[in-house]
Amino acid sequence: MNDNENKAYYTRELTAWYQRGNRDLPWRRSRNPYHIWVSEIMLQQTRVETVIPYFNRFMEKFPTIDALADAPEEDVLKAWEGLGYYSRARNLQAAAQEVKESYEGKVPDTPEAISSLKGVGPYTAGAILSIAYNKPEPAVDGNVMRVLSRFFLLEDDIAKPSTRGKIEKLARALIPAGSAGDFNQALMELGATVCTPRSPHCLVCPVMERCGARLEGRTDELPVKTKAKPPRPESRAAAFITDAAGRLLVRQRPQDGLLARLWELPHVPLSEGGREEASREADKRALRERLAAEDGLRVVPGEWLTDAEHTFSHLRWDMRVYRGRLAHEPGEPEALPPAYRWMGRDEMGSYAFPNLFLRIIQGEAEAAAGREARA
DNA sequence: AAGACGGGGAT
DNA sequence: ATCCCAGTCTT
């Protein structure tokens with residue numbers, strides 16, 4: 001029951017377990033701080049298996065900090081397409097430019113400097129310092145909070161920001177001299193592969209003998225975490241408009257906020273709450289009126305095409321998609337409002353779209369191909 | 001302290 | 001349907 005003894009045991013057994021074998025991941029093949037940095041940004045709220053192909057492509061396209069700093073932002077967003085949390089990509093590039101200008105192109109190795117970079121919070125700072133430079137800094141993520149909460153029987157709500165600090169202090173005390181990087185990775189590896197959120201694999205756990213949660217049969221109760229609020233539903237209508245050349249009318253999203261600077265189909269919010277009854281006609285009227293009022297785009301909505309639903313962390317879009325055409329005076333070439341443009345199928349490979357719209361566009365392309373084949 | 005910010009895989 | 005992921009930034 002000795003606390004210090006438990007800590008020493010934990011550090012010893014976990015480190016030995018990790019050194020006996022761990023996953024072969026692309027960013028573990030070197031100690032290149034740039035590789036570690038990019039991987040840690042991508043891994044924020046994102047699974048290892050999801051990140052691997054993105055990481056490999058990213059390193060091919062942007063092999064060095066300089067290459068990333070000098071690339072067009074559009075290319076960086078495209079490389080991030082589908083990964084989500086797009087501010088990570090914009091912050092990463094801004095930070096690469098900062099590293100190039102202020103740190104001679106080398107990822108800094110002090111807590112102050114590394115933490116000052118955009119997109120680098122307490123977890124990522126600790127991860128880079130420990131993994132790339134073997135500095136004895138804690139790297140506390142969701143895995144670490146779960147794993148330590150269980151072993152040390154911590155009842156604190158891990159959804160509360162204050163809990164992080166407490167667990168960080170514990171994690172710092174556990175770091176073995178000279179092996180900070182391996183130990184921190186071991187902690188996360190255990191959480192990802194053994195001490196999983198549900199149905200943990202206690203029988204193969206290297207620290208099961210002294211795990212508080214297992215000994216008390218409380219692995220299902222720990223860690224304590226308050227539930228998140230469900231996403232708020234939002235109905236929207238989108239316009240699928242093509243020109244004679246088959247190009248699609250798209251617009252770029254604003255500089256900030258949700259899906260910033262990505263491309264999308266023109267669409268408008270519909271009345272929320274669902275008090276008035278939804279109808280095709282109401283959708284089309286909203287599409288026509290709101291695109292005209294907000295963007296100065298005059299469209300004539302047509303037949304219903306498809307529905308698409310997409311859930312974000314905090315909201316859910318129920319998108320209804322209508323074919324449409326531009327309303328313009330006969331013989332007068334319409335001028336598109338700012339942020340709008342026609343985009344050919346071949347060009348879409350160069351611009352980043354949120355998955356929701358990729359699915360809609362892809363689905364329509366397949367439907368068109370089907371019509372073509374039958375005709 | 002709470003909300004914004006993507007998308008997908010596991011149960 | 002629910003959880004939650006190698007979190008950070010803004011308010």
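Reminder, nothing fancy here: chain letters follow the sequence lines and each chain counts from 1. For clarity, every value in this text was computed on a predicted model and none was experimentally measured.
Using P as the reference atom, C:dA6 and B:dG3 are 24 Å apart when rounded to the nearest Å. C:dC5 and B:dG6 have their C1' atoms separated by 12 Å, given to the nearest Å. Between the P atoms of B:dG8 and C:dC9, the separation comes to 24 Å (whole Å). Between B:dG9 and C:dT8, the distance separating the two C1' atoms is 23 Å to the nearest Å.
When the nearest nucleotides of DNA chain B are assigned to A:L315 and A:E49 by heavy-atom distance, the more 5′-ward of the two goes with A:L315. Both A:L262 and A:P161 lie near DNA chain B, and the one whose nearest nucleotide falls closer to the 5' end is A:P161. A residue-by-residue look at A:W27 and A:V120 shows that A:W27 has its nearest nucleotide of DNA chain C further toward the 5' end.
Side-chain atoms of A:T50 do not come within 3.5 Å of backbone N or O of A:T46 as any donor-acceptor pair. A distance-only check finds no donor-acceptor pair linking the side chain of A:R359 to the backbone of A:A308 [under 3.5 Å]. Between the side chain of A:T163 and the backbone N or O of A:D156 there is no donor-acceptor pair closer than 3.5 Å. No donor-acceptor pair closer than 3.5 Å links the side chain of A:S102 to the backbone N or O of A:V99.
The CD-P distance, from A:Q255 to B:dC5, rounds to 15 Å in whole Å. Distance A:R164 CZ to B:dA1 P: 14 Å, rounded to the nearest Å. Following rounding to the nearest Å, A:Y86 (OH) and B:dG7 (C1') show an atom-to-atom distance of 7 Å. In this structure, OH of A:Y85 is placed 11 Å from C1' of B:dG3, rounded to the nearest angstrom. If you take CD1 of A:I52 and P of B:dG8, they are 17 Å apart, rounded to a whole angstrom. At whole-Å resolution of the value, CG in A:L358 and P in B:dG6 are 14 Å apart. Here the P atom of nucleotide B:dG8 and the CD atom of A:E81 are 11 Å apart, to the nearest Å. Per the geometry, CG belonging to A:L259 stands 8 Å off P belonging to B:dC5, to the nearest Å.
When the side-chain nitrogen and oxygen atoms of A:H310 are compared with OP1 and OP2 of B:dG7, one or more of them lie within a distance under 4.0 Å. Look at A:H314 and you'll find a side-chain N or O under 4.0 angstrom from OP1 or OP2 of B:dC5.
Chain A approaches DNA chain C within less than 4.0 angstrom (heavy atoms of the protein), and the contacting nucleotides run 5' to 3' from C:dC3 to C:dC9.
In this structure, A:S199 reaches neither bases nor backbone, as no heavy-atom distance under 4.0 Å exists between it and the strands shown. Among the atoms of the strands shown, base atoms are found under 4.0 Å from some heavy atom of A:R28. Within 4.0 Å (heavy atoms only), A:K160 reaches no atom of the nucleic acid at all. Within the 4.0 angstrom heavy-atom criterion, base atoms lie near A:S313. Base engagement by A:L25 is indicated by at least one non-hydrogen atom pair under 4.0 Å involving a base atom. Residue A:P230 is classed as having no contact, given no heavy-atom separation below 4.0 Å to the nucleic acid. Residue A:V48 is in base contact, counting any heavy-atom pair closer than 4.0 Å across all strands shown. When heavy atoms are screened at a 4.0 angstrom cut-off, A:G257 is found touching the sugar-phosphate backbone but no base atom. Among the atoms of the strands shown, base atoms are found under 4.0 Å from some heavy atom of A:R23. When heavy atoms are screened at a 4.0 angstrom cut-off, A:I41 is found touching no nucleic acid atom at all.
A cation-pi arrangement, defined by a distance under 6.0 Å to the six-membered ring centre and an angle within 45 degrees of its axis, is present between A:R341 and A:Y351. Annotation: cation-pi geometry not satisfied between A:R12 and A:Y9 (NZ/CZ under 6.0 angstrom from ring centroid, within 45° of ring axis).
Which of B:dG3, B:dA1, B:dC5 sits closest to the side chain of A:L258 comes down to B:dC5.
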Counting only pairs under 3.5 Å, give me each side-chain donor-acceptor contact of residues 126-136 of chain A, with atom names and distances, residues two or more places apart or in other chains.
unit_1: A:S130; atom_1: OG; unit_2: A:G126; atom_2: O; d: 2.7
unit_1: A:S130; atom_1: OG; unit_2: A:A127; atom_2: O; d: 3.3
unit_1: A:S130; atom_1: OG; unit_2: A:N184; atom_2: ND2; d: 3.0
unit_1: A:Y133; atom_1: OH; unit_2: A:V107; atom_2: O; d: 2.5
unit_1: A:N134; atom_1: OD1; unit_2: A:A180; atom_2: N; d: 3.1
unit_1: A:N134; atom_1: OD1; unit_2: A:G181; atom_2: N; d: 3.0
unit_1: A:N134; atom_1: ND2; unit_2: A:G178; atom_2: O; d: 2.8

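Across every non-hydrogen atom of A:L77 and A:A260, the tightest pair is CD1-O, 4.4 Å. Taking both residues in full, the closest heavy atoms of A:H310 and A:L356 are given as CB-CD1, 3.8 Å, listed atom of the first, atom of the second, then distance.
In the interface, the side chain of A:T46 is paired with the base of B:dG6 through a donor and an acceptor atom under 3.5 Å apart.
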